[in-house]
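These notes concern the structure reproduced below.
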Amino acid sequence: MAEIALHCGKWRAMVRPELGGALTRCEIERNGSWLPLLRSTSTEAGDVLETACFPVAPFFGRLRGGRFVFRGREIVLPPIGPHPTPLHGFVWRMPWQIDTSTDAALTLACAHHAGAWPWPFTTTQTFELDGGGLTISLVVRNSGHEAMPCGIGLHPCFPCDAATRLFADVEAEVALDSGVLPIDPAPTGRVAITEDMRLQRRALHRSGMDCSFEGWTGTAVIEQPALGYRLRLTASPAISRLHVYAPSDDDCFCVEPVSHAIDAFNLDEADLAKAGVRVLAPGESQRMQMRLSLDP
């Protein structure tokens, strides 16, 4: 399936439905040139992890030991490629189908059938450009006959150089081990933000940062002096967690708005809601939005 182009005013975006429903470009025109707002993806790329943004469902992050227990049923999921555990759910590794398409908007859909993950669900993702920015909407619906634990998120990746700075208000950092899993999954494992941990003018370039934060206000600003803009990311009010990843060997970084804590599915059901996990009844949906716009 060919890459699909969206245009509106000075904004344009590209989407690859067959490659995990991923966004491959988001750019704005200034003085006759197109500036990248997200990492640009080669048209030959075959790895969704190299794209500009991809959807995350029905869970975010890793699962300890690749397993969890829900209502007495043990769920065991296989690792993903070189990763020792499952990672970011399934929909980013599935081909998506076009539902509706216009010059400025595209809705994709995919259906996950019961298997190692025993609950069927459907996911829709809408990309919509307007004169002021890009909005991505993600909806997961439990299409089965049993309750299903669920979490969602988006995984945008941005260009980064030595001058790039991140601004975001957060309350606590989750202490993670070397496998990017919580050292203590209980709320006591949260570390209150100190001055040197704050995400205010945070330099990220090739820092190796791989951190989860809670108590996020839902807004992050990315300052790109070399590109001449400040990009604002906003997420739905229910999304109060943020994961920041800046690889040590690449000129990019990820600012990921997500609904739940890493490995939260391994908590007791009574603690799931506190950790951001939804339990969807049959036919029930979980949804989120993320918007990218430029500061004046």
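The residues of the chain are indexed from 1 along the displayed sequence. These numbers come from the heavy atoms of this one structure, side chains and all, not from hydrogens, waters or symmetry mates. Remember, it's a predicted structure, so these values are computed and weren't measured experimentally.
- The shortest side-chain heavy-atom distance between K10 and L294 does not fall under the 4.5 Å cut-off.
- In summary, the aromatic rings of F90 and F59 are positioned with their centroids under 6.0 Å apart.
- L199 is connected to I239 through a chain of hydrophobic side-chain contacts under 4.5 Å among Ile, Leu, Val, Met, Phe, Trp and Tyr, so both are in one cluster.
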### Query
Do L181 and L176 pass the side chain to side chain contact (heavy atoms under 4.5 Å, CB included) test, and can you show the C-alpha distance, the side-chain angles, and the key distance before you say yes or no?
CA-CA 5 Å; L181 286 160; L176 302 176; 5.9 Å; no

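- The shortest distance between side-chain heavy atoms of I98 and L106 falls below 4.5 Å.
- Placement of V139 and M290 in two distinct hydrophobic clusters is found when ILVMFWY residues are connected by side-chain heavy-atom separations under 4.5 Å, directly or transitively.
- In this structure, V255 is a member of the same hydrophobic cluster as L38, with clusters built from ILVMFWY side-chain heavy atoms closer than 4.5 Å.
- Contact annotation: the side chain of F121 approaches that of P58 to within less than 4.5 Å [non-hydrogen atoms, C-beta and beyond].
- Within the 4.5 Å cutoff, side-chain heavy atoms of W34 are placed close to those of R12.
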### Message
side chain to side chain contact (heavy atoms under 4.5 Å, CB included) for H243 and I262? Distances and angles first, verdict last.
### Response
CA-CA 9 Å; H243 192 89; I262 295 175; 3.9 Å; yes

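- Taking every heavy atom of both residues into account, L233 and P257 meet most closely at CD2-CG, 4.4 Å.
- Side-chain contact between P84 and P79 is absent, with no heavy atoms from C-beta onward closer than 4.5 Å.
- Ion pair E74/R67 flagged as a salt bridge, since at least one NZ, NE, NH1 or NH2 atom sits closer than 4.0 Å to an Asp/Glu carboxylate oxygen.
- Rounding to the nearest 0.5 Å gives a distance of 12.0 Å between CG of L23 and CZ of R16.
- Of the candidates R201, R202, R165, R201 is the only one forming a salt bridge (Lys or Arg N to Asp or Glu O under 4.0 Å) with E223.
- A distance of 6.5 Å separates CG of N266 from CG of L63, quoted to the nearest 0.5 Å.
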### Query
Between T107 and T126, does a side chain to side chain donor-acceptor pair (under 3.5 Å) hold up when you go through it step by step?
CA-CA 4 Å; T107 296; T126 298; 2.9 Å; yes

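- Across all their heavy atoms, P36 and P159 have their closest contact at O-CG, 4.0 Å.
- Note that the CG atom of L154 and the SG atom of C53 stand 5.0 Å from one another [nearest 0.5 Å].
- When atom types are taken as modelled, the side chain of S207 and the backbone of M209 share a donor-acceptor pair closer than 3.5 angstrom.
- Here the NE2 atom belonging to H7 is positioned 9.0 Å from the CG atom belonging to L129, to the nearest 0.5 angstrom.
- With a 4.5 Å cut-off on side-chain heavy atoms, L280 and Q286 count as touching.
- Closest non-hydrogen pair, R206 versus D250, comes out as CG-O, 3.5 Å.
- Remark: D268 does not engage K274 in a salt bridge, criterion side-chain N to carboxylate O under 4.0 Å.
- A donor-acceptor pair is defined here as one N or O able to donate and one able to accept, closer than 3.5 Å; such a pair exists between the side chain of T41 and the backbone of T24.
- At distances below 3.5 Å, at least one donor-acceptor pair connects side-chain atoms of S143 with backbone N or O atoms of P120.
- For T122 against A111, the heavy-atom pair with the smallest separation is CG2-CB, 4.1 Å.
- Side chain of S240 to main chain of G215: no donor-acceptor pair is present (N/O by atom type, distance under 3.5 Å, no hydrogens or angles).
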#### Entry: Audit row: I222, R232, side chain to side chain contact (heavy atoms under 4.5 Å, CB included) steps and yes/no
CA-CA 6 Å; I222 297 162; R232 181 170 296 267; over 6 Å; no

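- The main-chain N or O of L134 is never found under 3.5 Å from a side-chain atom of W11 such that the two would form a donor-acceptor pair.
- Taking the six-membered ring for Trp and the full ring otherwise, H88 and F60 have centroids separated by under 6.0 Å.
- Partners of D161 by side-chain hydrogen bond (donor to acceptor under 3.5 Å, both in side chains), not counting sequence neighbours, listed by chain and number: T164.
- Criterion: ILVMFWY side-chain heavy atoms under 4.5 Å apart, direct or through other members. Under it, I80 and L19 are part of a common hydrophobic cluster.
- Atom CG of D103 is surrounded by 12 or fewer heavy atoms from other residues, nucleotides or ligands within 6.0 Å.
- Between the side chain of S293 and the main chain of G132, no donor-acceptor pair closer than 3.5 Å is present.
- Within the 4.5 Å cutoff, the side chain of W119 has heavy atoms near those of the P149 side chain.
- The shortest non-hydrogen separation linking V279 to E269 is CG2-OE2, 4.4 Å.
- No donor-acceptor pair closer than 3.5 Å links the side chain of Q224 to the backbone N or O of L227.
- Side-chain contact between P247 and C252 is present, with heavy atoms from C-beta onward closer than 4.5 Å.
- Relative to the six-membered ring of W216, R241 misses at least one condition, a distance below 6.0 Å or an angle of at most 45° to the axis.
- Both cation-pi conditions hold for R230 and F167: the charged atom is under 6.0 angstrom from the six-membered ring centre and inside a 45 degree cone around its axis.
- Nearest heavy atom pair, residue L166 against residue L204, reads CB-CD1, 3.7 Å.
- Note that CZ of R141 is 11.5 Å distant from OG1 of T123, once rounded to the nearest 0.5 Å.
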### Task
Show your reasoning for whether side chain to side chain contact (heavy atoms under 4.5 Å, CB included) applies to Y229 and R30.
CA-CA 11 Å; Y229 63 74; R30 279 192 174 173; 3.9 Å; yes

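- Proximity of a side-chain donor or acceptor of H112 to a complementary backbone N or O of V91 within less than 3.5 Å is not detected.
- Clustering ILVMFWY residues whenever any of their side-chain heavy atoms sit less than 4.5 angstrom apart, transitively, puts F127 in the very cluster that holds M94.
- Partner of T135 under the side chain to side chain donor-acceptor pair (under 3.5 Å) criterion, chosen from E128, R291, Q289: R291.
- Between R25 and E3 no salt bridge is recorded (no basic side-chain N to carboxylate O distance below 4.0 Å).
- The distance from the SG atom of C254 to the CG atom of L242 is 11.0 Å, given to the nearest 0.5 Å.
- Within the 3.5 Å criterion, the main-chain N or O of E284 finds no donor-acceptor partner in the side chain of N142.
- Under the rule for a side-chain hydrogen bond (donor to acceptor under 3.5 Å, both in side chains), the partners of H205 that lie at least two apart in sequence or sit in another chain are D251.
- F54 and W96 have their aromatic ring centers separated by at least 6.0 angstrom.
- Checked against a 6.0 Å centroid threshold, the rings of H155 and Y245 do not count as neighbours.
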